[in-house]
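Each remark here refers to the structure printed beneath this line.
Because only heavy atoms are used, hydrogens play no part in the values below, and waters and symmetry mates are left out as well, while side chains stay in. Here the structure is a predicted model, which is why all the values come from computation and not from measurement. Chain letters run A, B, ... following the sequence lines, proteins first, then strands; residues in each count from 1.
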Amino acid sequence: MSSNIRKEISRLNPRQKEAVLSTEGPLLVLAGAGSGKTRVITMRVAHLIERGIPADNILAVTFTNKAAKEMRARVKSLLGKRQGEKPLISTFHSLCLRILRKEIEHLGYRKDFTIYDTSDQLSLMRNLMQDVKVLDKSFKVESIMERVSWAKNGMAVPESTEETEADDLGAISTSLYDRYQQALQAFNAVDFDDLLILTLKLFKEHPDVLKRYTEIFRYIMVDEYQDTNSIQYQFVRLLGGQDMNVCVVGDDDQSIYGWRGADISNILDFEKDFAGAKVVRLEQNYRSMGNILTAANGVIKNNTKRMGKSLWTERGPGPRVKIIKKPGVEDEAKWVADKIALIRYDKKRKYEEFAIIYRANLLSRPFEEALRLERIPYTVIGGTSYFERREIKDLASYLKLIANPSDDISLLRVANVPRRGLGPTTLERLSNFARESGISLFEAFKKSSAAPGIKDKTSALASEVAGIVERFIEPFSKKGHMALAMKELVREIGYRDYLFEVFKTPEVAVKKVENVESFIDSLAQYEAENTGSTLQGFLEAMALTDMEEEKDEKAMGVTLISLHSSKGLEFPVVFLVGLEDGILPHKKSIYMEGGIDEERRLCYVGITRAMEELYLTHTVNRVKYGKDEPSTPSRFIEEIPEVSIEVLGESEILSTEESETKAKSFFSNIQAMLGD
DNA sequence: GAATCACGCATTTTT
DNA sequence: TGCGTGATTC
């Protein structure tokens, strides 16, 4: 049965094999783009199991659910008949949640805490700002929340922020930091940051607990190590224990999340930080043709702080990378659309084989228009296009409240949903009442008749809300009856009518009602799939995994995607568009320390998405916020070795390379015809 | 409470 | 330029 794995391993290249077989001690696998990284990780897991390591002692950590899911599937198929062996493959956040659910009482928290997602965080912060009366328009809740998050993660404020307001923003953020954290505790809630921070705290303050986990997770693997922040780094170190059988896999050249806390020095300093570490470089690329790799290597070698790596391939050089200059954005977009139509016809490619990749989502517009004009199907990935799921949030807040009545933020959210006459003034008064009496808002709702300034009628409404919540606690705790309870809840609060009342256009309202239905369905599905299903469990799954993720895979037509989201994907034909100074590198990054380097990595990520053909486009004039402004080609274009590129002028459609092959085939066709 | 207007803002994104 | 937000008005 395990010969299957051995056979698979024998097919690996020498470097890959080394990475798979080096199981003891710290190991850094520098996995270049397209070097078969996932293959190596999954095979390493399989190999450990085959070697007799109990699956329970193996942990693989990823950043996204998608990555975890894929890895699980691949390990499963590798293990063949030994599928009963299930190593833990999880995201950082789910792993920490798992640990906290068991251990958080060591830190003085309650076990049944609620998880606050980004929008909960923002509502909470908004409330706090109102309390402190810093509802100064000059500061966005988002920027304050961002600062607080940095502080929580022990991160220094980035150098570049404009000095003047930086101090004020900093001061306000620090003043809100404590209040925010206290509020979370009072609401029996933790945010995404806390999941990691508290677990780290737990390990630091309770060596006995840490010891238990180091004894369980004897072999650890971390994917996308270049994206780890300081907390995650410390977490990995601690969990590594004495043995330090820690294998981190990543690519410093693809570190593009510095702006949200990822610390590239984690991977750069790995050898120094983990004594006796071994480094394996995966440089053979199985994705791209030679010229594309030459271009990628040429660009990235201009970064100074890096481990050093050069991609190569056994495939031929392939066509050269084309550089296209167009007068304006419409010309650029039209050219790309035309080119796609042409290549599709000439080379019998599917639309799905093309991608248009840009630095910022707002650059997608002209391309969407050009594609629509030519009737070319496309899918835009990411951006704000995801529909506003207000209805889901509303209902989820009810559920959160039922699971945890101390959750003031959720109560505030649903108090007047559907509208029942509990306006801002009433909520303000009840909040004050709660604060002064040292009780939760929920308790205040129940005792609202005692609150100052609340009329009897209003008080009745408030206690009715509390009543609904209380009445549903029991039905939701009954095994296998949650979906039913949910339906009942929707009916009881008259949520459908509310949706039709709020959304004027019936089509929109119908859509919303459908979303509600599918939300109930997903709850039913959750119940069906999980034997020990609980409301808390469902809410967790909801917070930690995107319920909609399943359907984004069936992207149809040409893919339009940002550079960031394109990481990890590949396409036969890639158009990297808007390659101009100010866009890539982005003008805001220019003044940030290490900003240009990160932009260069972004460019590298873009280039390495292409398998066969790569087109880099830029314009002479670009419309920016309505105004036409002259643009300069990206400095990164100059860094591409000339041997690998061919520059097309403003009016050319075909490169000389392409004209030549076209001419050749034209002549051979003529000859064939004459021969007949 | 809804409709309208003026204003300001405008990378990148996952859990 | 175009969108989303918050204020203003009926």
Task: Separation between the C1' atoms of dT12(B) and dT5(C), rounded to whole Å - done: 23 Å

- [ ] Indicate whether OP1 or OP2 belonging to dA10(B) is found under 4.0 Å from a side-chain N or O atom of Arg359(A).
- [x] no

Task: Separation of dT13(B) C1' from Lys66(A) NZ (nearest whole Å) - done: 14 Å

TODO: Take the protein atom CG of Asp223(A) and the nucleotide atom P of dT15(B), then report the distance between them rounded to whole Å.
DONE: 13 Å

- [ ] Classify the angle between the aromatic ring planes of Phe203(A) and Tyr213(A) as parallel (below 30°), tilted (30 to 60°) or perpendicular (above 60°).
- [x] tilted

Open item on the list: Classify the ring geometry of Phe187(A) against Tyr116(A): parallel below 30°, tilted from 30° to 60°, perpendicular beyond 60°.
Closed with: tilted

Open item on the list: Can you tell me how far apart OH (Tyr180(A)) and CE (Met125(A)) are? Round to the nearest 0.5 Å.
Closed with: 6.5 Å

Open item on the list: Tell me whether the NZ or CZ atom of Arg101(A) lies within the 45° cone about the ring axis of Phe113(A) and under 6.0 Å from its centre.
Closed with: yes

TODO: Can you tell me the distance, in whole Å, between the CZ atom of Arg609(A) and the C1' atom of dT12(B)?
DONE: 15 Å

TODO: State whether Thr118(A) places a side-chain N or O below 4.0 Å from either non-bridging phosphate oxygen (OP1 or OP2) of dT15(B).
DONE: no

TODO: Taking atom P in both dG4(C) and dT11(B), compute the distance separating them and give it to the nearest angstrom.
DONE: 15 Å

- [ ] Could you check how far CD of Glu146(A) sits from C1' of dT11(B), rounded to whole Å?
- [x] 12 Å

Task: d(CG, Leu95(A); P, dT15(B)) in whole Å - done: 15 Å

Task: ring pair (Phe, Tyr, Trp, His ring centres under 6.0 Å) partners for His564(A), two or more places apart - done: Tyr257(A), Trp259(A)

Open item on the list: Measuring to OP1 and OP2 of dT14(B), would you say a side-chain N or O of Asn65(A) lies under 4.0 angstrom away?
Closed with: no

Open item on the list: Nearest whole Å is fine: how far is dT1(C) C1' from Arg622(A) CZ?
Closed with: 14 Å

Task: Reference residue Lys567(A); test side-chain hydrogen bond (donor to acceptor under 3.5 Å, both in side chains); the match among Asp227(A), Thr608(A), Asp251(A) - done: Asp227(A)

Open item on the list: With rounding to the closest Å, how many angstrom separate the C1' atoms on dC3(C) and dT14(B)?
Closed with: 25 Å

- [ ] Check side-chain contact (heavy atoms from CB on, under 4.5 Å) between Lys455(A) and all other residues, then give those that pass, not counting sequence neighbours.
- [x] Thr458(A)

Task: Most 5' of Gly421(A) and Tyr625(A) on DNA chain B, judged by nearest nucleotide - done: Gly421(A)

Task: Between dT11(B) (C1') and Glu142(A) (CD): distance, integer Å - done: 15 Å

Open item on the list: Less than 4.0 angstrom between a side-chain N/O of Asn361(A) and OP1 or OP2 of dT13(B), yes or no?
Closed with: yes

TODO: Mind checking the CE-OG1 spacing from Met145(A) to Thr118(A)? Nearest 0.5 Å is all I need.
DONE: 9.0 Å

- [ ] Report the distance from atom CD of Glu330(A) to atom C1' of dT1(C), rounded to the nearest whole Å.
- [x] 12 Å

- [ ] Select one nucleotide: of dG1(B), dT14(B), dT12(B), the one nearest the side-chain heavy atoms of Trp259(A).
- [x] dT12(B)

TODO: Identify whether any heavy atom of Glu599(A) sits under 4.0 Å from a base atom; if not, whether one sits that close to sugar-phosphate; answer base, sugar-phosphate or nothing.
DONE: base

TODO: Enumerate the residues from residues 563-571 of chain A whose closest heavy atom to DNA chain B is under 4.0 Å, giving them by residue number; use none for an empty result.
DONE: His564(A), Ser565(A)

- [ ] Using a 4.0 Å heavy-atom cut-off across all strands, classify Phe192(A) as base, sugar-phosphate, or nothing.
- [x] base

